[in-house]
**Q** 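Just passing along the structure, written as structure tokens.
Nothing here was measured: the structure is a model prediction, and the numbers come from that model. We use all heavy atoms of the structure for the numbers below, so side chains are in, but hydrogens, waters and symmetry mates are not. Chain letters run A, B, ... following the sequence lines, proteins first and then strands; every chain starts at 1.
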2 protein chains.
Amino acid sequence: MNRQEQKARTRRTLIDVTLQLSAARGFSSLSIREIAKEAKITPNAFYRHFRDLDELALVLVDEVGVGLRQLMRETRRRYEMQKEAARASVEAFMSYVTENVNLFRLLLGERQGSSTEFRRALHNEIDRFVGELTEDLERQGFGEAALAAEAMVAAVFTIGAEALDLPKHRRQELTDRLTKVLQIILRGAKKSSSH
Amino acid sequence: MNRQEQKARTRRTLIDVTLQLSAARGFSSLSIREIAKEAKITPNAFYRHFRDLDELALVLVDEVGVGLRQLMRETRRRYEMQKEAARASVEAFMSYVTENVNLFRLLLGERQGSSTEFRRALHNEIDRFVGELTEDLERQGFGEAALAAEAMVAAVFTIGAEALDLPKHRRQELTDRLTKVLQIILRGAKKSSSH
DNA sequence: TGTACATCAGTGAACGCGCGTTCACTGATGTAC
DNA sequence: TGTACATCAGTGAACGCGCGTTCACTGATGTAC
């Protein structure tokens, strides 16, 4: 393994370890020393990879964003009728949440808390998410697509946040509830377009 | 002023100072020493009022909860037709947010972050809020009241959170958007009840 | 009303700890000849 | 291929700092007689 590969490996370890730790106690309670220790390097070596914790945080936010948008693109293919659209996208979202609990804890846990730069990055990701959903809804002929998308994303993130604290077997219930909530919103938006 | 009054006064100062500080940088970044300093007592004297920061946090959560429920009761009186209901309650909510920005930053900023006990207290407040709204909606004959209430609270809190970062003059725009979002949800819920 | 004692909110010094960040360094990997 | 030098990821010791929490205390307020 050459130097470059080794460095990339350590960097990856830092990122992964940070996700694990932030899942348990929230990102903003973490320290460079703690992360370095968990990644089995000296605190000092952290600086070879990131200028500070904020820079690492931005990388993490970017990972959630990329993952989310990719998920949406895949789900989009399954969209057909209104009811199925809601169920398919909710199920995709919930499985993404389940498989990336740590990323989500980061995304949801730090919307206030931390530095301005970090918060702005989070809001950007969420806005992008709303934007893509808006386009989807417009393509399907929904009225007030932007507002409906905003309501849907609010519901998805708020109810998705609850899923993080639940044992796996109770998440199905949440998925069903979220699906119904999205159907209500879609119904409210659809009606307006048919005037 | 007797001893009891003086103690109550200091306690109140601790609470107020904590709200101010947490508005700027988030509650979970605060320390006992910092709060004590701002309240002009020694760090040590803090312990005459609260066992630790968590205990203070619970008092704050309770304050938001009481305020919110009182607000709802007042707003409820203004409810009449669907459209007016949404606008009246949104405007009441937004003015409450504007007047209690610090409490809201606390409520919204610590839904993940902090200790289990604190998080549970926050979720309880939100659940109570959803519960009261559900009853309101049922009384007005909406279908799927519980789900609609959940969607509405998600929208209100998510969009309300954005208001905190906005200058006052741009909040009207947000109020309008939130009103429209709630109308979409109400429309979606109403339709289902009229079957 | 005056005195003697009890209470207790707040003081001030001290503790050990983990923090971010610095410094000079080491030694394996990479490169030029 | 072999040697001499450069690079640089990671080391280890050290710094000053703010933290939570302890301790023995002070002195104004409150109470009993």
**Q** Is there a donor in the side chain of N2(A) and an acceptor in the side chain of Q6(A), or the other way round, less than 3.5 Å apart?
**A** no
**Q** Rounded to the Å, how far apart are F46(B) CZ and dT11(C) C1'?
**A** 17 Å
**Q** Using whole Å, report how far NZ of K37(B) lies from P of dC19(D).
**A** 8 Å
**Q** Figure out the CD1/P separation between I41(B) and dG20(D), and round it to whole Å.
**A** 13 Å
**Q** Starting at atom CD of E34(A), determine the distance to atom C1' of dC17(C), rounded to an integer number of angstrom.
**A** 14 Å
**Q** Is S31(A) close enough to dG18(C) that one of its side-chain N or O atoms is under 4.0 Å from OP1 or OP2 there?
**A** no
**Q** Is there side-chain contact between Y47(A) and D52(A), with at least one heavy-atom pair below 4.5 Å?
**A** no
**Q** What is the distance, rounded to the nearest whole Å, between atom CD of E55(A) and atom P of dG20(C)?
**A** 15 Å
**Q** Where are the stems of DNA chain C, defined as at least 3 consecutive Watson-Crick or wobble G-U pairs with both distances under 3.5 Å?
**A** C:2-33 with D:2-33
**Q** With DNA chain C as reference, determine whether R33(B) or T10(B) sits nearer its 5' end, using the nearest nucleotide of each.
**A** T10(B)
**Q** Can you tell me how far C1' of dA9(C) sits from CD of E5(B), to the nearest Å?
**A** 15 Å
**Q** Starting the side chain at C-beta, find the nucleotide from dT21(D), dT11(C), dA9(C) nearest to K7(B).
**A** dA9(C)
**Q** Check the pair D176(A), Q172(A) against side chain to side chain donor-acceptor pair (under 3.5 Å), reporting the backbone distance first and the verdict last.
**A** CA-CA 6 Å; D176(A) 294 342; Q172(A) 187 55 48; 3.2 Å; yes
**Q** Mark yes when over 12 heavy atoms from residues, nucleotides or ligands other than R9(A) sit less than 6.0 Å from its CZ; otherwise mark no.
**A** no
**Q** Within the sub-3.5 Å range, which N or O atoms of nucleotides 29-31 of chain C have a protein N or O partner, and how far apart are they?
**A**
| from | atom 1 | to | atom 2 | distance (Å) |
| --- | --- | --- | --- | --- |
| dT29(C) | O3' | R3(A) | N | 3.4 |
| dT29(C) | O2 | R3(A) | NH1 | 3.2 |
| dG30(C) | OP1 | R3(A) | N | 3.0 |

**Q** As a test of understanding, state which of E150(B), K190(B), M152(B) forms a side-chain contact (heavy atoms from CB on, under 4.5 Å) with I185(B).
**A** M152(B)
**Q** Whole angstroms only, please: what is the CD1-P distance between I32(B) and dC19(D)?
**A** 10 Å
**Q** For the residue pair F129(A) and F93(A), does the interplanar ring angle fall in the parallel (under 30°), tilted (30 to 60°) or perpendicular (over 60°) class?
**A** tilted
**Q** Whole angstroms only, please: what is the CD1-P distance between I35(A) and dG18(C)?
**A** 16 Å
**Q** R48(B) has a side chain; which of dA9(C), dG10(D), dT21(C) sits nearest to it?
**A** dA9(C)
